[in-house]
Colleague: 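The structure that follows is given in the form of structure tokens.
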Protein chains: 2
Amino acid sequence: MSRKAPTIHDVALRAGVSPATASNVVNGNRPVGDESRARVMKAIGELGYRPNRLAAALRAKRSRLIGVVVPEISNVFFASLVHGIEEQAAASGYELVLVSSSEDKAIEQRRIEALLDRQIEGLIVVPSNDASFAALRDKRCGGVPPTVLVDRGCGSPGVDTVGAECAAGALAATRHLIGLGHRDIAVLTPWINLANIRARIEGYTRALDEADLSPRARVCVGGPTLDGLRGAIEQDLHRADRPTAIFALTNVAALAAIKAVRALGLDIPGDVSIVGFDDFDWMCALRPYLTTVAQPVDEFASSAWRLLMQRLSGAARAEEVRIELPCALKVRESTGPARPRLKIAAGA
Amino acid sequence: MSRKAPTIHDVALRAGVSPATASNVVNGNRPVGDESRARVMKAIGELGYRPNRLAAALRAKRSRLIGVVVPEISNVFFASLVHGIEEQAAASGYELVLVSSSEDKAIEQRRIEALLDRQIEGLIVVPSNDASFAALRDKRCGGVPPTVLVDRGCGSPGVDTVGAECAAGALAATRHLIGLGHRDIAVLTPWINLANIRARIEGYTRALDEADLSPRARVCVGGPTLDGLRGAIEQDLHRADRPTAIFALTNVAALAAIKAVRALGLDIPGDVSIVGFDDFDWMCALRPYLTTVAQPVDEFASSAWRLLMQRLSGAARAEEVRIELPCALKVRESTGPARPRLKIAAGA
DNA sequence: GTGAAAGCGCTAACAT
DNA sequence: ATGTTAGCGCTTTCAC
């Protein structure tokens, strides 16, 4: 901050070449003679020149900035996703501008506008709702940069999407529970208006159907917060015909289910079996290790990046690409055979 | 992307005012007459004008971009920190450019250079090592923007820092263990060359001293990865005089300790008590709920942001500010009375 | 292979 | 209160 930083002009001056040539050795946009190149390199070293990427971006209309939008950075799932994306970005000479929507549609729109104003070249979004992207596109009349939707909004028309085979994952999980003898299986979910969640519910429903258990389907909706989810499932757990198994459709829902079951003094999986969603280290550290439907989050990140780069390089086909990656059911300790319900001990 | 976006020039033209006036209604830098203001607003609406923040930043030399550097985004602690910072940034009209150092000094330097090239106005860094910032400053000969170091590098000269009272936290944790009758308490840590870690070790050592247990101090160093940490503590656990308690100095170390103890078929806290570091939801979901030293991560974020904004506004004093926030020992279920060691069951 | 010149879109001086 | 002008630092025609 002492005296103002040298510009490419200074470099050119010192090297006795034109700014254009200096620029060309820095960016390799066009061939440069060995003689000139050497002198420019020398000048750069002596001056400690660093290019101003802001100016370069303005002129070249290439910011090499990618906007990343997630509902909640502190959610392990999204944090892992961002981690994966950042790795790719660093390797490709891009930087990430990260914003959070807090699961709020209005905030999301506002934050995305901020990203667009910054001339980001592309967008990777876990939208707060399935219609987010369509809304954005409508408002901007098509003036939206290449975008990839991840985890949510999968299959939206006109945009590349990456997601999991949620229905299949949920089907496997529910079958597992039914195979264990469970007949009262509750689903715990933050909401039901997202397609990926609906797919999970559909998988659940299908499994129930197969076993003629459809009438016993029950879905607890608790909102995005831990407390809300916990409250929702606790209510269900208080009923006389309380579920003997809970299928939590997100990692936060799984946490909520565990806490609720504990709070009632019930045993996992003795009284209540639990299947979660997503798979992270802490889920198999303390007991019981959680049975869960693992989503391939690293592949989410790499697929999303690949798709985005294809769009940016113009190498992509006109139609949207829709990637669906398989989930893996990890059977661990939180699920066990169904047992007859005991009353909750008074005062427990 | 259809036809090129309107510029402030177009707005001015349509409103019948000068670009300067249009700019002034957009930015409120100088007062504008009601008449002109209204016409500019109208033009903006009709054209769907959005300012190009890249150009504005270049001209005004104010990017309103803050660089954030963390060792590992997927680590819950850092993810929570970033979450907190992003909230503040959004509220203050800034955006965050997020990079990860992967705990690697060279990568860190490279990524920070990339941030500086983008003319970020400030830097919030969890450095990969205590000397990172000094190295950066040396290399750039003072050409470094306002910076706040968080979690690590606390007390570094010439830079604002935010951290926890690690020694006190560790002292409390170790006293708790000693009070439970433990005499062989191992520390598990990724490394010992970071000041915050050394402070934790110092707190541990002090507590040992108080109880005349100094000769029994043992520190297992396992590197940053879960597997490395787990391997390190497993070795110690295999010894005949294995520890009856483990004090893990990071959340990853805690996870490693738990996994290692489990793998040996030992009970927590029956055979081995564990105290962790940091506090997150999953730590008190599955059993046993983890006793841990909680760092006030949200306050880390808000303090760091406040400090940075003070520097940016010039409202800060010349000397560096050093903030140390208290930790809280959360006593839960993973710590219990020391019991005589039993042999590890053969074949377990 | 190299240079001269024109701006990217915006805002800060300096006018009035 | 408003307009005019210059130029942030860079890249890119277009010449040679």
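A, B, ... follow the sequence lines: proteins, then strands. Residue 1 opens every chain. Bear in mind that the values here come from a model prediction, so they are computed numbers and not experimental data.
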Colleague: With the threshold set at under 4.0 Å for non-hydrogen atoms, list the residues of residues 29-39 of chain B touching DNA chain D in residue-number order.
Modeller: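 Listed by number, they are B:Arg30, B:Pro31, B:Val32, B:Gly33, B:Ser36.
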Colleague: Strictly below 4.0 Å, heavy-atom distances to any atom of DNA chain D: list the hits from residues 52-67 of chain B, or just say none.
Modeller: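 The stretch gives B:Leu58, B:Arg59, B:Lys61 as the residues lying under 4.0 Å from the strand, ordered by number.
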Colleague: Can you tell me which residue pairs pass the side-chain hydrogen bond (donor to acceptor under 3.5 Å, both in side chains) test with a partner in residues 308-321 of chain B, sequence neighbours excluded?
Modeller: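 Qualifying pairs, neighbours excluded: B:Asp160-B:Arg311.
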Colleague: With sequence neighbours left out, write down each residue that passes side chain to side chain donor-acceptor pair (under 3.5 Å) with B:Glu86, or none if nothing qualifies.
Modeller: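 By the side chain to side chain donor-acceptor pair (under 3.5 Å) rule, B:Glu86 matches A:Arg111.
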Colleague: For B:Leu13, enumerate each residue passing the side-chain contact (heavy atoms from CB on, under 4.5 Å) test, keeping only those at least two apart in sequence or located in another chain.
Modeller: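 Not a single residue meets the side-chain contact (heavy atoms from CB on, under 4.5 Å) criterion with B:Leu13.
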Colleague: Quick one: ring pair (Phe, Tyr, Trp, His ring centres under 6.0 Å) pairs with a partner in residues 80-132 of chain A, sequence neighbours left out?
Modeller: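 Non-adjacent pairs meeting ring pair (Phe, Tyr, Trp, His ring centres under 6.0 Å): A:Tyr94-A:Trp305.
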Colleague: Start with the C-alpha gap between B:Gln88 and B:Arg306, add the side-chain angles, then the distance that decides, and say whether side-chain contact (heavy atoms from CB on, under 4.5 Å) holds.
Modeller: CA-CA 9 Å; B:Gln88 308 275 338; B:Arg306 185 165 36 76; over 6 Å; no
Colleague: Looking at every strand, decide which applies to B:Asn24 at a 4.0 Å heavy-atom threshold: base, sugar-phosphate, or nothing.
Modeller: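 Answer is nothing: B:Asn24 stays at 4.0 Å or more from every strand.
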Colleague: Only pairs under 3.5 Å count here: list side-chain donor-acceptor contacts from residues 16-25 of chain B, not counting sequence neighbours, and write none if there are none.
Modeller:
| residue | atom | partner | partner atom | Å |
| --- | --- | --- | --- | --- |
| B:Ser18 | OG | B:Ala20 | N | 3.4 |
| B:Ser18 | OG | B:Thr21 | N | 3.2 |
| B:Ser18 | OG | B:Thr21 | OG1 | 3.3 |
| B:Ser23 | OG | B:Asn27 | ND2 | 3.3 |
| B:Asn24 | ND2 | B:Ala20 | O | 3.1 |

Colleague: Give me the first and last nucleotide of DNA chain D, going 5' to 3', that has any atom under 4.0 Å from a heavy atom of chain A.
Modeller: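 Using the under 4.0 Å cut-off, the span is D:dG9 to D:dC14.
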Colleague: Give me the residues of residues 12-20 of chain B where at least one heavy atom lies under 4.0 Å from an atom of DNA chain D, by number, or none.
Modeller: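 Heavy-atom cutoff 4.0 Å gives B:Gly16, B:Val17, B:Ser18, B:Ala20.
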Colleague: Going by side-chain contact (heavy atoms from CB on, under 4.5 Å), B:Asp151 matches just one of B:Leu81, B:Thr161, B:Asn196. Which one?
Modeller: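 One option only clears the test, and that one is B:Asn196.
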Colleague: Within the supplied structure, the quantity of interest is the number of heavy atoms (other residues, nucleotides, ligands) at a distance under 6.0 Å from B:Met309 CE; does it exceed 12?
Modeller: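 Yes, because the 6.0 Å sphere around CE of B:Met309 holds more than 12 heavy atoms from other groups.
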Colleague: What pairs of residues pass the ring pair (Phe, Tyr, Trp, His ring centres under 6.0 Å) test when at least one of them lies in residues 13-44 of chain B, not counting sequence neighbours?
Modeller: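 Residue pairs passing ring pair (Phe, Tyr, Trp, His ring centres under 6.0 Å), neighbours aside: none found.
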Colleague: Of all residues at least two apart in sequence or in a different chain, which pass the side chain to side chain donor-acceptor pair (under 3.5 Å) check with B:Asn75?
Modeller: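 Partners of B:Asn75 by the side chain to side chain donor-acceptor pair (under 3.5 Å) criterion, ordered by chain and then number, come out as B:Asn251.
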Colleague: For B:Arg322, which residues count as a side chain to side chain donor-acceptor pair (under 3.5 Å) partner, sequence neighbours excluded?
Modeller: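 Scan of B:Arg322 (side chain to side chain donor-acceptor pair (under 3.5 Å), adjacent residues dropped) gives none.
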Colleague: Indicate yes or no for a side-chain donor-acceptor contact from A:Ser63 to the backbone of A:Gln119 under 3.5 Å, with no hydrogens or angles considered.
Modeller: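 Yes: the side chain of A:Ser63 pairs with the backbone of A:Gln119.
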